[in-house]
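Working notes, structure below.
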2 protein chains.
Amino acid sequence: MTEEKSSYHHGDLRAALLGAAEKVLAETGIEGFSLRRVAREVGVSHSAPAHHFGDTQGLLAALATEGFSRFLNAMQARQRVVETRDARALLTASGLGYLDFAQGSPALFQLMFGSERVDFCDQALDRAANAAFDHLAQDIARLRGVSPYQDDAAMADVMAAWSMVHGFAALLMAGRLKPVQAMDAPAREAYFTALFARVAP
Amino acid sequence: MTEEKSSYHHGDLRAALLGAAEKVLAETGIEGFSLRRVAREVGVSHSAPAHHFGDTQGLLAALATEGFSRFLNAMQARQRVVETRDARALLTASGLGYLDFAQGSPALFQLMFGSERVDFCDQALDRAANAAFDHLAQDIARLRGVSPYQDDAAMADVMAAWSMVHGFAALLMAGRLKPVQAMDAPAREAYFTALFARVAP
DNA sequence: ACCTCATCTGGACATTGACAAGATCAAGAT
DNA sequence: ATCTTGATCTTGTCAATGTCCAGATGAGGT
């Protein structure tokens with residue numbers, strides 16, 4: 001974190017831009033996001049980001065890629081504090097991690113799932129997104145004892161679990177789940193856990 | 001639909017702007033949406049929309065309001081073609097209508113649920129959104145025989161149903177439900193129906 | 001010492017949202 | 001018949017933005 005703004009070359013501008021971009025995204029939201037503002041935040045010229053990310057889509061794609069990585073971490077973090085190795089408890093933990101991420105980084109969550117500004121043709125992004133989803137698939141595989149990629153019923157479990165968590169998270173972030181929004185964090189978790197149990201009976 | 005561009009006053013500019021706005025939204029998406037482009041589409045000066053809607057947020061709020069109205073219509077339309085009066089069949093029909101709307105107007109769907117550019121403080125918008133959700137609540141009420149607003153278990157059913165449909169629709173629109181996207185329309189409907197049945201056992 | 005090339009700067013251009021002042025016109029008041 | 005009022009729409013303007021382009025800078029290899 002040592003400040004060194006003497007040199008013409010920044011040293012690690014790409015990482016600095018990504019960090020600033022996340023800050024700007026969290027502050028202004030997707031719609032208010034601006035390349036020039038990100039550049040200002042870092043203290044470089046307005047067109048410096050272009051060299052590293054091409055255009056706005058490029059920067060947002062990189063940001064979303066990092067987002068999916070943290071998204072995966074959030075699910076794994078919840079699983080790490082689970083005492084048992086019970087497959088159902090681990091699946092629920094992933095769901096709670098899913099919610100943790102959405103509530104902790106709402107703008108990033110929205111960027112990853114609800115924006116046309118991200119280009120999923122980007123290979124790194126697609127890989128990161130698939131890795132996060134594969135994690136849920138593995139949870140189902142552990143629960144069912146068979147890989148969803150080889151068993152249609154298990155794949156249906158995956159789809160049901162994804163849809164349920166994501167719908168709950170998205171509606172909550174959109175402010176459309178008023179009865180749930182009135183709850184405090186522990187009550188909300190318990191409520192979600194009960195709902196989530198329906199998809200993996 | 002008679003063209004009359006002779007007069008200085010348009011006659012029903014507000015409606016014309018709303019129609020053009022929906023067209024522009026569908027063509028360019030939310031991020032590419034532009035007030036000036038809408039004005040151009042109607043053949044009117046670039047700041048004419050401001051008088052009717054204030055600013056961009058105002059127009060999008062009006063657009064989202066109309067969207068929720070059609071959203072409700074889509075669910076009701078599916079229910080109308082149901083032969084039986086079976087409560088479960090009617091709930092499923094609502095879910096399929098939910099999907100119809102999302103797939104038929106993806107940009108509008110995204111505007112209504114996933115954009116910060118819409119101001120839900122707008123009363124008309126909030127009323128339209130609540131009306132659409134109340135419809136699902138009534139489906140559950142018919143199924144359970146008790147109003148969700150008076151019974152916590154029934155409200156949990158509503159939350160589960162909302163989360164499931166919305167998650168399925170949102171992930172499908174985001175291109176994240178690859179196994180489902182490969183299906184044709186009838187297969188997709190059958191698949192969703194099977195998933196949806198889990199939340200109302 | 002020189003070269004090469006990735007990195008970063010500064011200027012330019014078209015487009016946008018918002019604002020302000022004025023033009024146009026319909027409808028009621030006198 | 002003329003005036004007034006207010007809603008509707010236009011024109012001009014400003015700052016901000018994304019993208020492109022030519023050029024400045026300097027690190028690392030030859």
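We name chains A, B, ... by the order of the sequence lines, and we start the count at 1 in each one.
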Encode nucleotides 10-19 of chain C as B, S and - characters from 5' to 3', where the letter depends on protein heavy atoms closer than 4.0 Å: B to the base, S only to sugar-phosphate, - to neither. BBB---SBBB
Over how many whole Å does the gap from [X] atom [atom1] to [N] atom [atom2] extend?
| X | N | atom1 | atom2 | value |
| --- | --- | --- | --- | --- |
| F53(A) | dT19(D) | CZ | C1' | 17 Å |
| D12(A) | dT7(C) | CG | P | 11 Å |
| L13(B) | dT10(D) | CG | C1' | 12 Å |

Which parts of residues 15-24 of chain A get close to DNA chain D, meaning a heavy atom less than 4.0 angstrom away? none
Can you find a side chain N or O atom of H51(B) that sits less than 4.0 Å from OP1 or OP2 on dT8(D)? yes
List in chain and number order the residues that pass ring-ring contact (aromatic ring centres under 6.0 Å, His included) with F168(B), two or more places apart in sequence or in another chain; answer none if no residue qualifies. F192(B)
Going by ring-ring contact (aromatic ring centres under 6.0 Å, His included), name the residues that satisfy it together with F113(B), two or more places apart in sequence or in a different chain. F68(B), F71(B), F109(B), H166(B)
Neighbour count above 12 (heavy atom, 6.0 Å) for N73(A) CG: yes
How would you list, by chain and number, every residue that makes a salt bridge (Lys or Arg N to Asp or Glu O under 4.0 Å) with E116(B), sequence neighbours excluded? none
Exercise answer: donor-acceptor pairs, residues 48-58 of chain B side-chain atoms, under 3.5 Å, sequence neighbours excluded:
{"residue": "D55(B)", "atom": "OD1", "partner": "G58(B)", "partner atom": "N", "Å": "3.1"}

Let me have the donor-acceptor pairs involving side chains of residues 17-24 of chain A, under 3.5 Å, with sequence neighbours excluded, atom names and distances please.
{"residue": "E22(A)", "atom": "OE1", "partner": "R70(A)", "partner atom": "NH1", "Å": "3.1"}
{"residue": "E22(A)", "atom": "OE1", "partner": "R70(A)", "partner atom": "NH2", "Å": "2.7"}
{"residue": "E22(A)", "atom": "OE2", "partner": "R70(A)", "partner atom": "NH1", "Å": "2.6"}
{"residue": "K23(A)", "atom": "NZ", "partner": "E41(A)", "partner atom": "OE2", "Å": "2.9"}

Tell me which donor-acceptor pairs under 3.5 Å the side chains of residues 153-162 of chain A have, and how far apart each pair is, sequence neighbours excluded?
{"residue": "D157(A)", "atom": "OD1", "partner": "R198(B)", "partner atom": "NH1", "Å": "2.8"}
{"residue": "D157(A)", "atom": "OD1", "partner": "R198(B)", "partner atom": "NH2", "Å": "2.9"}
{"residue": "D157(A)", "atom": "OD2", "partner": "R144(A)", "partner atom": "NE", "Å": "2.5"}
{"residue": "D157(A)", "atom": "OD2", "partner": "R144(A)", "partner atom": "NH2", "Å": "3.2"}

Salt bridge (charged side-chain N to carboxylate O under 4.0 Å, His left out) contacts touching residues 85-114 of chain B (sequence neighbours left out): R78(B)-D100(B)
